[in-house]
Amino acid sequence: MSNPLSDMELPDVAFCIGTNMTEAHPVAATRLKKALARGSKLIVADPRRIHLATLADLYLPLRVGTDVALLQGMAHVIVRDGLMNDHFVATRTQHLETYLEHIAKFTPEWAESICEVPAADIAKAARWYAEANQGAIYYTLGITEHICGVDNVQCLCNLALLTGQIGRPGTGLNPMRGQNNIQGAGDSGAIPDQYPGFQAVVDPDYRRKFSKAYGREMDAAKGITKVTAMEEAGRDIFAMLIDGENSVVSDPNQQHTREAIESLEHLVVIDIFLSETAEMADVVFPATAWAETDGTFTNTERRIQRVRQAVTPAGEARPDWWIISRIAQHMGLQNFDFNHPREVFNEMCSLSTTYAGVDWDLAATGRYHWPVPYRGHPGTPRLHEDSFPIGRGKFSLIEYRDPAETVDETYPIWLTTGRRLATYHTNTQTGRAGGMDYLAAEEALEVNPRDLEAWDLQDGETVWLSSRRGRIAIKVAGSKRSPMGTVFSSFSFSDTPINTLTGSGYDPVTHTAELKVCTVRIDKMAVADTVGG
Amino acid sequence: MTAAFEKTRTICGYCGVGCTVDVLTRDNRIIGIQPAMDGPANEGALCVKGQFAYDYVHHPDRLRHPMVRNADGVLERATWKQALRKAAAGFLQSAERHGRHAVYGIASGRTPTEADYMMQRFMRAGFGTHFIDNCSRA
Ligand code: SF4
C-alpha cells in the first residue's frame with residue numbers, strides 16, 4: 001500500500017475494485033467503515049454483489065475480466081470533463097500529451113459496451129473520485145489475478161496520476177496483500193528478478209555486491225518464475241525445495257502441477273502438515289508453526305513487525321530458516337552457520353536498501369514502514385509524497401484485451417474464484433482449527449437463483465462443473481451475489497479442487513495466473529454418478 | 001496444573017493486515033487470543049480468523065519428525081541426520097547431472113521473512129542462480 005492502514009479512515013471517496021475486503025481483510029474494512037460512518041462515499045466495482053457492494057453509494061457490477069475497459073472509461077471522463085489536477089500533472093508527471101491522445105477513444109459508451117456498466121455510472125464514479133479532496137483506491141487479487149493484471153494496475157496508476165490522488169493522507173494506490181507475510185517474501189528477495197530490497201539482479205553493481213556477500217559469482221540473467229519452473233519440470237528442472245506451499249492444491253491447472261511434481265527427481269518439502277504436496281516428496285521436514293517461532297512479518301502497509309514464540313514446537317519441528325541453512329551445510333556450503341533468527345534478519349537488513357536502517361531490535365518496536373534507507377531514518381508510512389522512484393510519474397498506454405477464455409457454446413458460463421472469511425488459502429490451517437468448521441463446512445458453487453431455474457437445477461444439487469482442463473463434482477447454491485451467467489467458488493477445499501478447472505492463462509509480465517476468470521459448463525449428474533458418491 | 005496463564009505479544013498469522021495480538025498460554029498450550037489495544041494495524045480489533053483459528057497449532061496431524069521415502073516408495077520416519085543428508089545429496093546429484101539450473105526453490109508468503117530470506121540465500125549462494133520464487137503468483 002502506498003498509504004498506511006490508518007489512512008483508511010480519512011478518504012472522502014474510497015474506490016474499491018476487485019477486493020472482497022470485508023471477507024479477505026476484515027479489520028481493514030473496519031477502518032474503512034469509520035470513514036463511511038463520517039459520510040465518505042464508497043464506490044465498489046466487482047462482478048459479484050459482495051457484502052462491500054451492499055455498503056456502496058455507487059456499485060459498478062462489471063463483467064469479469066473487463067476492468068481495463070471500466071478504468072479507461074473513467075480516465076476518459078476525467079480528461080473530457082476537465083477534472084484533471086492540472087498542477088499535479090504539470091509538476092509530477094511526464095508524457096501527458098501522448099496519454100491524452102491515447103485516452104480519447106475510450107469513451108464511457110465504449111466502456112459500457114464491454115464491461116456492461118452504464119456509461120452514466122462510469123462518469124459518476126470518475127467525477128466523484130477526481131473531485132474528492134482525498135480519494136483513495138483499494139484493490140486485491142481481483143485486479144491482479146488476470147492475464148492483464150499489470151494493465152489493470154497501470155490503469156489505476158493513471159487515474160491517481162491524473163487526479164493527484166497520491167502522496168497525501170487518505171489517498172493513494174493501496175493493494176491489500178493476501179497472505180500474512182507475502183510482502184516480506186518479496187522484500188527478502190525470494191523472487192527471480194530482484195535481490196533482497198528489490199535490487200535488480202540484472203544491475204551489475206548489485207550483482208557484484210551479492211556475489212561478494214554470498215561468496216560466489218551470481219548469474220547476470222534473471223531467474224525463471226515458479227510458473228515456468230513447473231512447466232519445465234522433468235525437462236530442465238529436476239529438483240525442488242518447497243517451503244510451506246501446497247502447490248498441488250493452490251496452483252491453477254492442478255493435473256498439470258501434479259504431473260510436473262511427479263516428474264522431478266528430487267523433491268524436498270518443509271511444512272507443518274503432511275499436505276498433498278508433501279505426500280509426493282522424497283524428504284519432508286517438520287516446520288514450526290505460528291506461535292512456535294521467533295521472526296518478523298511485514299504487513300500490507302510495509303510495516304515491519306516481530307512475531308514471537310509462545311509455545312514449544314510440536315515434536316521435533318524446527319524453524320524453516322534453520323532447516324534450510326542445515327540442508328545447505330550438509331551440501332558443504334560455507335557461511336550458513338546461523339543460530340538465531342536475529343542473525344538472519346540482521347544480515348538481510350545489512351544487504352537491503354529498503355531495510356538498511358532497521359535491525360532485529362528496532363523491528364520489535366513495530367514502528368517502521370519501509371523504506372528505511374539509513375539508520376536514524378523514521379521510516380516511510382506514505383510513499384510518493386514528493387516524488388516517485390523514477391522521478392516524474394509516467395502514464396501507461398493500455399489497450400483492452402479479452403480474458404484468455406471467453407464464453408462460447410461449449411463453455412457458456414463465467415467462473416470466478418476467491419476467498420471466504422472463515423477459510424484461509426488451501427485450508428491446511430483453518431481446516432484443522434475446530435472453531436472454523438461450522439462456518440464453512442463444505443464448498444458450494446454460488447449460482448444466481450434465476451440461473452438455477454433456467455438451468456433446471458435444485459439448490460443443493462451436486463453437478464459436474466467442467467472447463468477445458470478438467471471436471472469436478474460440486475454442489476450448487478443459489479446466491480444473489482452471483483450475477484446471471486457467472487458462478488463463483490473459493491479455492492480453499494481440496495475435496496472440490498476448483499483449481500483443476502482454472503489456469504487458462506497468465507499475465508505475460510508477472511506470470512500471475514488468471515485465477516479470477518475461466519469459462520465452464522454445468523452438467524446434471526447421471527443417476528449412476530450420484531449413487532456411488 | 002497451574003492456574004496462571006502467560007501472555008505473548010505477536011502478530012496474527014492469517015492475513016496481510018498484520019493485527020497485533022496477545023497469545024494466552026497455559027501449560028504450553030494456546031488457550032486464547034486477545035487483540036492488542038495498542039496494535040498499530042488493528043487498534044484493538046480482530047476478525048474471526050485471528051480470534052479463533054489457532055487450534056491447528058496443537059492439531060494431532062502436525063508433522064512431528066522428518067520423513068524420508070524408503071526403497072519401497074513409502075514415506076517413513078527418519079532422523080534429522082538421515083533426512084538432511086538425503087535432502088542435500090539429492091540437490092547435489094540433480095545439479096551434477098543436469099547443471100545448477102536444474103534446482104528450483106519456492107518460498108512461502110506465510111512463513112516469517114527469515115525463512116524467505118534463507119530460501120533465496122540457499123538458491124543464490126548454493127547455485128548462483130535466481131531460480132527462486134514465492135507463492136504470490138498463484
Ligand atoms: S485478525 Fe483478521 S484481519 Fe487481522 S491479521 Fe488476522 S486475519 Fe487479518
Side-chain angles (χ1 to χ4, degrees), chain A residues 5 26-28 30 177 179-180 182 184-185 188-190 192 201 214 216 223 226 229 237-245 251 266 268 282-284 286 289-290 295-297 299-300 305 307-308 310-311 314-316 320-321 324 327 330-331 341 344 348 429-430 432-436 512-513, chain B residues 8 10-11 13 16-19 23 25 28 41-42 45 47 52-53 55-57 59 62-69 83-84 86-88 90-91 94 98 102-120 122 125 128-138:
Chain A
L5 285 162
V27 169
T30 307
R177 307 305 301 262
Q179 294 174 334
N180 53 301
I182 199 72
S188 73
V201 301
Y214 291 160
R216 78 173 288 160
K226 177 183 130 186
I237 299 292
F238 291 92
M240 274 194 196
L241 175 57
I242 302 183
D243 186 8
E245 164 73 343
D251 285 11
H266 187 57
V268 178
D282 299 289
V283 184
V284 181
W290 176 81
T296 63
F297 287 167
N299 78 353
T300 192
Q305 308 195 95
V307 291
R308 294 180 185 84
V311 291
E316 299 171 20
D320 310 73
W321 64 263
I324 301 164
I327 299 173
H330 276 75
M331 285 169 53
V344 184
M348 183 184 83
Q429 288 172 16
T430 41
R432 289 180 171 96
M436 288 296 107
T512 299
Chain B
T8 308
T10 192
I11 304 299
V17 174
C19 297
V23 180
T25 54
N28 205 28
N42 54 316
C47 79
F52 297 114
D55 296 10
Y56 75 91
V57 173
H59 197 280
R62 279 288 303 280
L63 270 168
R64 279 160 209 281
H65 47 73
M67 297 175 89
V68 163
R69 196 165 295 282
L84 286 168
K86 178 155 176 170
F91 290 123
S94 290
H98 310 285
V103 183
Y104 200 85
I106 301 177
S108 168
R110 278 166 276 176
T111 54
T113 304
E114 293 71 26
D116 304 316
Y117 177 76
M118 195 58 74
M119 183 66 107
Q120 67 85 37
F122 176 73
T129 71
H130 310 294
F131 277 34
I132 167 81
D133 208 345
N134 66 72
C135 43
S136 75
R137 280 165 222 277

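Proteins come first, then strands; the chains are lettered A, B, ... in the order of their sequence lines, and each starts at number 1. Remember, predicted model here, so these are calculated numbers, not experimental data.
- The two residues A/Asp320 and B/Ala115 make their nearest non-hydrogen contact at CB-CB, 3.5 Å.
- The contact between B/Val23 and chain A is made entirely by side chain atoms (from C-beta outward), counting heavy-atom distances below 4.5 Å.
- Taking the six-membered ring where tryptophan is involved, the planes of B/Phe91 and A/His266 are perpendicular, since the angle between them exceeds 60° and thus also 30°.
- Contact annotation for B/Thr8: only side-chain heavy atoms (C-beta onward) come within less than 4.5 Å of a heavy atom of chain A.
- B/Asp116 and A/Ser188 make their closest contact through CB-OG, 3.1 Å (heavy atoms, listed as atom of the first residue, atom of the second, distance).
- In this structure, the separation between CD on A/Glu245 and CD1 on B/Ile106 is 6.5 Å, given to the nearest 0.5 Å.
- Per-residue counts of heavy-atom pairs under 4.5 Å with chain B were compared for A/Val268, A/Leu5, A/Ile327; the largest is that of A/Ile327.
- Interface check for chain A: of the options B/Ala107, B/Gly105, B/Ala87, the most heavy-atom pairs under 4.5 Å are formed by B/Ala87.
- With respect to chain B, the highest number of heavy-atom pairs below 4.5 Å among A/Ile237, A/Thr296, A/Val201 belongs to A/Thr296.
- Of the two parts of A/Arg308, the backbone and the side chain both hold a non-hydrogen atom closer than 4.5 Å to a non-hydrogen atom of chain B.
- Residues A/Val307 and B/Thr10 share a closest heavy-atom pair of CA-OG1, 3.1 Å.
- In terms of heavy-atom pairs under 4.5 Å with chain B, the best-connected choice from A/Thr300, A/Thr30, A/Val311 is A/Val311.
- The part of B/Thr25 that comes within reach of chain A is its side chain, from C-beta onward, which places non-hydrogen atoms under 4.5 angstrom from that chain.
- Proximity to chain A is limited to the side chain of B/His98, based on heavy atoms less than 4.5 angstrom apart.
- When all heavy atoms of A/Ala28 and B/Val17 are compared, the closest pair comes out as CB-CG2, 4.0 Å.
- Looking only at heavy-atom pairs under 4.5 Å with chain A, the residue among B/Ala102, B/Pro112, B/Cys19, B/Ala83 that has the most is B/Ala102.
- Taking the side chain as every heavy atom from C-beta outward, B/Pro66 and A/Glu316 approach each other to under 4.5 Å.
- The minimum heavy-atom distance linking B/Lys86 with A/Asp282 is given by the pair CE-O, 4.2 Å.
- For the options A/Gly184, A/Ala239, A/Gly223, A/Gly315, heavy-atom pairs under 4.5 Å to chain B are most numerous at A/Ala239.
- If you tally non-hydrogen atom pairs under 4.5 Å between each of B/Asn42, B/Asn28, B/Val68, B/Thr129 and chain A, the highest count goes to B/Asn28.
- Across all their heavy atoms, B/Arg64 and A/Ala314 have their closest contact at NH1-CB, 3.7 Å.
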